[in-house]
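Below is one structure, written out as structure tokens; comments come after it.
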Amino acid sequence: MSDIENRTRDVMMKVLQIAPQDISPDISRKNRPAWDSLKHMNLMLALEDEFGIEFSDKEIVELNSLHLLVDALRTKRS
């Protein structure tokens with residue numbers, strides 16, 4: 001697991017208030033009831049703070065899974 005993925009998982013655990021074993025590689029808003037719209041916004045803000053980046057409004061709507069978040073963060077960090 002990459003540093004970006006580990007840090008993203010840590011932020012997800014805190015914001016979504018879920019255990020590490022509940023963050024599977026395919027976790028998304030569709031399959032995780034705790035990941036509601038308010039927690040999604042909090043997650044995006046927390047990730048922006050953690051990585052020192054900013055997501056566009058379009059990205060905030062579209063980045064709804066661990067996989068998509070990690071890919072976007074890798075792109076923004078490069």
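None of the values given here were measured: they were computed from a predicted structure.
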With ILVMFWY side chains joined below 4.5 Å, transitively, what does Met13's cluster contain besides itself?
->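 Ile4, Val11, Met12, Val15, Leu16, Ile18, Ile23, Ile27, Trp35, Met41, Leu43, Met44, Leu47, Phe51, Ile53, Phe55, Ile60, Leu63, Leu66, Leu68, Leu69, Val70, Leu73, listed by chain and number.
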
From Lys30 NZ over to Ser65 OG, what is the distance, rounded to the nearest 0.5 angstrom?
->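 Spacing of NZ (Lys30) from OG (Ser65) equals 9.0 Å.
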
In Å and rounded to the nearest 0.5 Å, what is the CG to CD distance from Asp57 to Glu62?
->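 The CG atom of Asp57 sits 11.0 Å away from the CD atom of Glu62.
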
Taking every non-hydrogen atom, the tightest pair across Arg29 and His40 |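 Smallest heavy-atom distance, with atoms named: CD-ND1, 3.6 Å.
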
Any luck finding a side-chain donor-acceptor pair between Asp71 and His67 under 3.5 Å?
->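 Indeed, the side chains of Asp71 and His67 share at least one donor-acceptor pair under 3.5 Å.
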
For Ser56, which residues count as a side-chain contact (heavy atoms from CB on, under 4.5 Å) partner, sequence neighbours excluded?
->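 With sequence neighbours excluded, Ser56 shows a side-chain contact (heavy atoms from CB on, under 4.5 Å) to Lys58, Glu59, given in chain and number order.
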
Any pair with a residue in residues 3-13 that passes salt bridge (Lys or Arg N to Asp or Glu O under 4.0 Å), sequence neighbours left out, goes on the list, sorted by first then second residue, please.
->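 Qualifying pairs, neighbours excluded: Asp3-Arg7, Glu5-Arg9, Arg7-Glu50.
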
Under the side-chain contact (heavy atoms from CB on, under 4.5 Å) criterion, do Gln17 and Lys39 qualify, and how do the steps go?
-> CA-CA 10 Å; Gln17 299 174 340; Lys39 287 189 179 171; 3.9 Å; yes

